[in-house]
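So the structure is just underneath, and the comments pick up after that.
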Amino acid sequence: MSSSDCQVVSLREAARHIGLPLTSFRRIAQAEPRLQACIQPGRPAKVDLKRLLITWRQLEQADNRSLSPRQELALERRKRLWWQGRSLLLQLQEEERKFCNTAQIQIAEKEVFALLEKLMKSWAQSIAPQLLESRDAYGLMLSSINSTLQAVSDQAQRNAHEEKETEPPVQLAMPPELPSLEVLQADIERARGGLHRLRAQQAAGEVVLVTDVTSKQFDRCRRVRDQFLALAPRLSGVAIGWRTSAEAKTELIRGVSKVLAAW
């Protein structure tokens, strides 16, 4: 396409040409790859207006040649309601991704703690007899602790991958036959209701920000990791005095219990 065929405009101007508020246009464009291809990233972003209008017409499947002016007006109103509903549904999905259920987080934290306890105690039982035979207690403990921490991380990632749910995409392309005005308005009200429900749940403490949970979990895990790693220099020096495997296990389990108390 030559430069003369390409009219470059701002996001705001592009939104005005297709009759959407800027925030709605930006949200819909982010969710639709064909619209993203019309936008050149940058500060500010630039839009190929001709390409955008062609793509937008394809999304709307617009062909009004056989409609009367009154029918065209009714169709345009339904189109506006369609895009308003799409924007609100996308907004609801964005907001829902920011929050997680408080009760589910508490269950997940208990599962992580149980995994830590299981793997750390298993570490203590398996490393105890090896320490009695090793001449490098510190090196043995440090390498085995790192292996245990990696096992914890790998298992946590597998669990998170299994629990992750894929959200169904919001349908952006208009169907060949648009729903009635009543159905479109009902969809809009349901999306608005979802946004109000989310705010109420946040106020009641039923949901919390994912960023807050992630930060808290990161601090907890780092604290436990650091104290677990600290067992190597703290216990390797006295390991030489341990006479039996049972005594070594007792001391290592005691050390692990102090680490888990930091959770």
Side-chain angles (χ1 to χ4, degrees), residues 1-65 67 69 71-100 164-181 183-199 202 207 209-212 214-215:
M1 182 180 295
S2 66
S3 58
S4 60
D5 293 331
C6 179
Q7 182 183 354
V8 177
V9 298
S10 66
L11 285 174
R12 187 178 300 277
E13 184 69 11
R16 187 184 67 79
H17 271 83
I18 60 177
L20 286 181
L22 176 58
T23 52
S24 297
F25 171 64
R26 183 181 284 117
R27 190 173 289 121
I28 290 169
Q30 287 173 346
E32 175 51 59
R34 285 176 289 177
L35 293 177
Q36 290 178 22
C38 304
I39 302 173
Q40 179 181 350
R43 292 180 178 272
K46 298 296 183 182
V47 182
D48 181 338
L49 183 60
K50 182 176 180 180
R51 186 178 179 185
L52 173 73
L53 293 177
I54 293 173
T55 303
W56 192 257
R57 197 173 300 117
Q58 291 171 347
L59 285 172
E60 290 192 331
Q61 302 179 350
D63 186 3
N64 303 347
R65 288 172 295 179
L67 299 181
Q71 289 173 323
E72 284 187 20
L73 182 62
L75 178 60
E76 288 304 319
R77 184 182 179 192
R78 288 159 70 194
K79 285 181 180 179
R80 285 197 300 272
L81 289 176
W82 170 268
W83 290 119
Q84 185 180 356
R86 301 306 96 184
S87 176
L88 285 169
L89 286 171
L90 290 170
Q91 183 182 357
L92 179 58
Q93 280 194 352
E94 289 175 9
E95 291 299 313
E96 286 178 335
R97 291 191 196 106
K98 296 177 183 178
F99 295 93
C100 49
K164 188 176 181 181
E165 296 181 359
T166 303
E167 293 180 334
V170 174
Q171 179 189 351
L172 294 180
M174 284 184 178
E177 183 66 30
L178 272 172
S180 66
L181 282 175
V183 171
L184 291 170
Q185 289 169 335
D187 288 343
I188 289 172
E189 291 305 315
R190 276 194 292 271
R192 285 175 174 163
L195 290 169
H196 288 302
R197 169 185 50 77
L198 196 58
R199 296 189 189 102
Q202 183 184 12
V207 296
L209 285 169
V210 172
T211 52
D212 291 347
T214 302
S215 177

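Predicted, not measured: the structure shown is a model, and the values here were computed from it.
Leu22 and Arg12 get closest at one heavy-atom pair: CD2-NH2, 3.5 Å. Listed here is the closest heavy atom pair of Thr55 and Cys38: OG1-SG, 3.6 Å. Closest approach of Leu20 and Ile28 over heavy atoms only: CD1-CD1, 3.9 Å. Here the closest non-hydrogen pair linking Leu49 and Ala14 is CD1-CA, 4.5 Å. Residues Pro179 and Leu184 come closest through the heavy atom pair O-CD1, 3.6 Å. The two residues Ala45 and Ile39 come nearest to each other via the heavy atoms CB-CG2, 4.1 Å.
Applying the side-chain hydrogen bond (donor to acceptor under 3.5 Å, both in side chains) definition to pairs two or more places apart or across chains, those involving residues 34-45 are Glu32-Arg34.
Leu181 places a side-chain heavy atom less than 4.5 Å from the side chain of Arg78. Counting heavy atoms from C-beta outward, Phe25 and Arg16 have side chains that stay 4.5 Å or more apart. Glu95 places a side-chain heavy atom less than 4.5 Å from the side chain of Leu195. When side chains are defined from C-beta on, Leu35 does not count as touching Leu172, because their heavy atoms never get closer than 4.5 Å. No side-chain heavy atom of Lys50 sits under 4.5 Å from any side-chain heavy atom of Gln7. Annotation: side chain of Glu13 is in contact with side chain of His17 (closest heavy-atom distance under 4.5 Å). Leu81 places a side-chain heavy atom less than 4.5 Å from the side chain of Gln185.
Not counting sequence neighbours, the partners of Leu209 by the side-chain contact (heavy atoms from CB on, under 4.5 Å) test are Lys98, Phe99, Thr211, Asp212.
Arg197 and Glu96 are joined by a salt bridge, as a carboxylate oxygen and a charged side-chain nitrogen come within less than 4.0 angstrom of each other.
The distance from atom CG of Leu59 to atom CD of Gln171, rounded to the nearest 0.5 Å, is 10.5 Å. Between the OG1 atom in Thr23 and the CG atom in Leu90 there is a gap of 11.5 Å [rounded to 0.5 Å]. Atoms NE2 and CG, from His196 and Leu92 in turn, are 11.0 Å apart once rounded to the nearest 0.5 Å. Here the straight-line distance linking atom CG of Asp48 with atom CG of Leu52 works out to 8.0 Å at 0.5 Å rounding. Taking CZ from Arg190 and CG from Leu88, the interatomic distance works out to 12.5 Å, rounded to the nearest 0.5 Å. Distance check: Gln61 CD to Glu177 CD gives 11.0 Å after rounding to the nearest 0.5 Å.
Listed for the Gln93 side chain is a donor-acceptor partner under 3.5 Å among the backbone atoms of Pro168. Side-chain atoms of Arg80 never come within 3.5 Å of backbone atoms of Gly19 as a donor-acceptor pair (strictly under, hydrogens ignored).
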**OP:** Evaluate the criterion side chain to side chain contact (heavy atoms under 4.5 Å, CB included) for residue pair Ile54 and Gln58; output intermediate values, then yes/no.
**Re:** CA-CA 6 Å; Ile54 293 173; Gln58 291 171 347; 3.9 Å; yes

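Remark: Arg86 qualifies as a cation-pi partner of Trp82 under the 6.0 Å distance and 45° angle criteria applied to the six-membered ring.
Side-chain contact annotation: Arg26 with Gln30, donor-acceptor N/O pair under 3.5 Å absent.
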